[in-house]
Amino acid sequence: MGRFYITTPIYYVNDYPHIGHAYCTVCADFFARYHRLLGDETYFLTGTDEHGQKMEKTAAKEGVPPIVLADRVVARYHELWKRLNISHDDFIRTTQDRHQHGVLAILQRLMDAGDVYKASYRGPYCVACEAFFPENQVTDGKCPDFGHPITELEEESYFFRLSNYQEPLLKLYAERPDFVLPESRMNEVRAFVEGGLKDLSISRTSITWGIPFPGDEKHVLYVWLDALSNYVSALGFGSGDETKFKTFWPADVHLIGKDILRFHAVYWPAFLMSAGLPLPGHVFGHGWWVKDGTKMSKSLGNVVDAWPYVEEFGADAVRYFLLREKPIGTDGSFSDEALLDRINADLANDLGNLASRLTNLLERQAGGKVGPGDGSLKARAEQAMERYHSAVKGLSPRDALIEIWSLISDLNKYLVEREPWAAPGTPGALATLSEAARALRLAALALTPALPASAAAITNALGFEGMAFANLRWEDGQRIPARKLSGLFPRVDKAEYFGKVRANKPTGQRASEGKMEEEKKQSDLSAAAPQAGPAAPAAPPVAAILAEPVAERISIDDFRKVQLRAGKILEAERVPKSNKLVKMIVDFGDERRQIVGGIGKKYPPEQLVGRTCPFVTNLQPAKLMGVESNGMIMAGNIEGEPILLQFLEDVPPGSKIT
Ligand code: MSP
C-alpha cells in the first residue's frame, strides 16, 4: 500500500465545461478510484483557474465582476462533477485565500533563490494565451500555438530566470525519460528546451484581476505562475498547516491536455527546482476530442457539452465511452453514433446481458448461491487481471478496459459452450455458474474505476460489497446469495434517438456562441436555483421569459407564509393509470410524508429516489387521482416540461429554505 496524488488542470472559468474538460477529469477519476481500490492513500485534486486577462475581458463583456462570473461557472463545474460521479478529494479555486498563501510562498522562494528580477519588456503578446512569444515564432501576426491575433505589448515586468534552468531541465529529461508521457510528448518538450530558454515574465501591469505582487501592487502575478501553484497550495503549502503537503507532495501524476504541456513540463519543474521542492512523478499530456474531424471551438459552434449525454444515458455510459473509445495519448473524434454503438454493443449486449443472464440462472438454479466451482476459469480471470493492472500502471484506461472486455467475451462463450441451462441444477451446471459468477465479480471490481455505479450494482447483486483488490480471493463466495439483475444498460434505439435529434431535441452540441450570455440571463431570472438546471438546449430564448407578464407583487410577509423545506425522496412509484403523477415518500428529517408530483413524464421514479429537492410543506393536503398528497415538489416549468430544482451542495433533509 502506498500513496497516490493525481491532479487535473484547473479549468478556466470564462466558459462552461465541455466534453474535453469532462474527459480529463474522468480519466483522473479513473486512476484515483483505481488507487483507492488498491488501498493506496489517495488524493485527487481538481479546480478552477479564475484570474487573468481572459477572465477580466469575458466578465466585462458580460457586464459582471469577474468573481460573479467565476462563481456561476464554478457552480456548473460542481454540478457536472457530481452528475458524472467524480470522486475528487478537493476542488481548489485560485480566488481562494489558501491558494494565494501558497502562491506567495512559492514566489518568496523564487525570490530567495535570486531567480526574480525587474526589467522592462517589449514583445509580441497573445491575449488569448496570456503569453509573450519570441518574434521568430510569430507569423502573419498570429500566435504559434493557436493562430490567435498577436499584439505588441511593452511592460515593466518581473522576470523569472528560466534561462538558468535549461541545463537542469535537460538533465531531468535525460535521467527521467518518463517524466513526460507519452514518449512522443517528451521528445517535443526536450526539443523545445534544447532550442533555448529565455527568462519568463511573471507579472503584468496591464491587468488588475489577479494576485498583487507583494510590495509592488501595480503588478499582478502572471496567471500561469498563479495557476500552476494550485498543485501545492491545495495541499496547504504556505498556509501554516502543511500536513497534507508533507503527505502527498510530490504529485504522482499531473494529468493535462497536450496543449498545456510546456507550462507543466518546462515552467513548473523550473519553478519547483528554484523553490527547492521535489518534482512530480509524471506529467501526462492527453490527446483531444475533436468533433467531426475538426477541433472544437466556440466560433465554429461545434463544442460538445457532456451534460445532456449524461442526462440521456447516465454517467457510467458517458464515462465508459470517453475512457474506451480513444487511446488517452492521441486525439479522437466524438460522435453520437460512436457513443450509441459502445452503449449497445459493449454495455447493453456484452456486459449487461452477461450480468442479467448469470444472476437469473443463479437465482433459478442455485437459489441465489454462488457455491463451489471447479476452478476452470481461475487462470483465465487472473491472466486478465494481470494484464489489466499493467495497462492501468501504463496509464492506459482503454487497454485496461479492452482486457476486461476480452474476459467478458470469454465468459459469454464459456456459458454458451457449457450450456448450464441444459441440465439445470446438476453439479456441473452449478459449478459452471459459480465459476462464471466469480469471474464476473472480478471483472466488475476491475470496472469500478470506470463504471462505479454499475460495477457496484453487479458486485452487490453477486453478494459482495465493499470489495478491494487486496481482500479478493478466488475461492470466496460460498453460500452468498445472488440477486437477479436486469436493465443495467438499456439498449438505445438508434432510429428513435436520431429521430429525436432531428426533431431538435437536446443533444450535446452547443447551439451557438451566445449561449453563455443567454444562460446567464436565464439563471439571473430564476433566483431560486441559479445554476441547477440542465444546460441550455432545453431552455427557451430569454425574450420568451421576459415577455411573460409580471405577476401581482406580494409583500415579503405574504411570501413567508409559504413554508419551504429540503426533502429527500426515499421511495417513488407511478400513480396507477397516470403517466404524469408520481407518488413519493419524502424524508424531512423529523417526519416522512407522502407527496404526489406531476413530474413522471420527465423523471422515471427510479431517477427520483435519493434526490434531495425543495418542497412546499404547508399546503392543504389534496387528492390527486385518488392519492393523497401532503405537500408539493418544486420544479421549473420550461415550455410545459417540469425541471426539478436541486441544491448545489449536500443539504440535510428538513433544512428550511428562506
Ligand atoms: N487554466 C488552464 C490550465 C491551468 S493548469 C495549472 C487551462 N484551462 S482550460 O480550461 O483551457 O483547459 C483545461 C484542460 O482542458 C486542458 O488540459 C485542455 O487540454 C483540456 N481540453 C480543452 N479542450 C479539449 C478537448 N477538445 N479535448 C480534450 N481536452 C481538451 O488550460
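Only a predicted model underlies this, so the values are computations on that prediction, with no experimental measurement involved. Counting convention: from 1, in listed order, for ligands and their atoms alike.
- Ring geometry, His264 versus Tyr231: the interplanar angle falls from 30° to 60°, so the pair is classed tilted.
- At under 3.5 Å, a nitrogen or oxygen of Asp49, whether backbone or side chain, sits near a nitrogen or oxygen of ligand 1.
- Counting only residues at least two apart or on different chains, the salt bridge (charged side-chain N to carboxylate O under 4.0 Å, His left out) pairs with a member in residues 237-255 are Arg3-Asp252.
- Remark: among candidates His264, His18, His21, Met296, the nearest residue to atom 23 (N) of ligand 1 is His18, based on non-hydrogen atoms.
- Residue contacts with ligand 1, taken as heavy atom pairs separated by less than 4.0 Å, do not involve Phe263 at all.
- Checked by distance only, ligand 1 and Trp224 stay at 3.5 Å or farther apart across all their nitrogen or oxygen atoms.
- Residue-to-ligand polar distances keep Ala227 apart from ligand 1: every N/O pair is separated by 3.5 Å or more.
- Checking only distances, Ile256 never comes within under 3.5 Å of ligand 1, N or O to N or O.
- The list of salt bridge (charged side-chain N to carboxylate O under 4.0 Å, His left out) pairs with a residue in residues 24-33, not counting sequence neighbours, reads Asp29-Arg33, Asp29-Arg319.
- At a threshold of 4.0 Å, the pair Arg72-Glu62 counts as salt-bridged, since one of the basic side-chain nitrogens sits closer than that to a carboxylate oxygen.
- The distance criterion of under 3.5 Å between nitrogen or oxygen atoms is met by Trp289 with respect to ligand 1.
- Close N/O approach between Tyr12 and ligand 1 is found [any backbone or side-chain N/O within under 3.5 Å].
- Ring centroid separation for the pair His148 and Phe146 comes in under the 6.0 Å cut-off.
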